Amino acid sequence: MQGASKLLSHVAKDGVLSQMGLISLLTLAKLSKVIVKISGLYRASDRTTARFDDTREIIEAFAKEIPDQCIWGSDWPHTGEGKDRTKQRSLSTMEPFRVIDNQALLENLRKWVGSEV
C-alpha cells in the first residue's frame, strides 16, 4: 500500500458494479493510487441486521480485483443515521449510536473475501 495518496472510505449501495466510476476506482487502486477502506456497511445497506449481506457484491469485487489495496475499518463508534441533523437541532442534543454486531459483520466479511486475502 505504499505510495497511495488517497484513502476512500465506506462502500456503495446495490447496483454498484454497474455504476459509473467503478472501473476508474479499480484502475486507480490497481495503480496503487488509492486504498479502499471497507467500513460503514450499515450506511450502504438496506438491511437493519448486523450482517448487511446486501453489500456482499461490492466487497467480493474489491477482494477479487484489488485485494492488496483494501483495508477494513470498524467505523466505531457507530453513529446514527443523521436524519435528525438539522439546523434547528440544539448542538447539545446527542444522536444515539447504532448497535452493531461487529462479530457477525466480521464473519460475513471473512466469508466474502476468503481466507487468502
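Treat the numbers as computed from the prediction; the structure is a model and nothing was measured. The first residue in the sequence is number 1, and the count goes up from there.
Within the 4.5 Å cutoff, no side-chain heavy atoms of Val36 are placed close to those of Gln69. No side-chain heavy atom of Lys37 sits less than 4.5 Å from a side-chain heavy atom of Trp72. Annotation: side chain of Ile59 is in contact with side chain of Leu109 (closest heavy-atom distance under 4.5 Å). Phe62 has its side chain within reach of Leu26: a pair of non-hydrogen atoms, C-beta onward, lies under 4.5 Å apart.
A pairwise comparison of heavy atoms in Phe97 and Pro77 identifies CE2-CB, 3.6 Å as the closest pair. Residues Gly73 and Ser39 share a closest heavy-atom pair of O-CB, 3.1 Å. Closest of all the heavy-atom pairs between Ile66 and Ala29 is CG2-CB, 3.5 Å. Across all non-hydrogen atoms, the minimal contact from Phe52 to Trp112 is O-CH2, 3.4 Å.
Residues satisfying the side-chain contact (heavy atoms from CB on, under 4.5 Å) criterion with Lys111, sequence neighbours excluded, are Asn108. With sequence neighbours left out, Leu28 forms a side-chain contact (heavy atoms from CB on, under 4.5 Å) with Lys33, Val34.
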Would His78 and Asn102 satisfy side-chain contact (heavy atoms from CB on, under 4.5 Å), going step by step from the backbone distance to the final call?
CA-CA 10 Å; His78 305 294; Asn102 286 309; 3.3 Å; yes

Go through the steps to decide whether Leu22 and Ile58 satisfy the test side-chain contact (heavy atoms from CB on, under 4.5 Å), and finish with yes or no.
CA-CA 10 Å; Leu22 179 63; Ile58 189 62; 4.1 Å; yes

Walk me through it: do Tyr42 and Asp75 pass the test side-chain contact (heavy atoms from CB on, under 4.5 Å)?
CA-CA 10 Å; Tyr42 51 85; Asp75 209 33; 3.0 Å; yes

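By the criterion of side-chain heavy atoms lying less than 4.5 angstrom apart, applied directly or through intervening Ile, Leu, Val, Met, Phe, Trp or Tyr residues, Leu31 is not grouped with Ile35; the two fall into different hydrophobic clusters.
Taking CZ of Arg56 as the start and CG of Asp54 as the end, the distance is 12.0 Å to the nearest 0.5 Å.
A donor-acceptor distance shorter than 3.5 angstrom exists from the side chain of Arg110 to the backbone of Gly114, with no hydrogens or angles considered. With hydrogens and angles ignored, the 3.5 Å screen pairs no side-chain donor or acceptor of Ser45 with any backbone N or O of Leu41.
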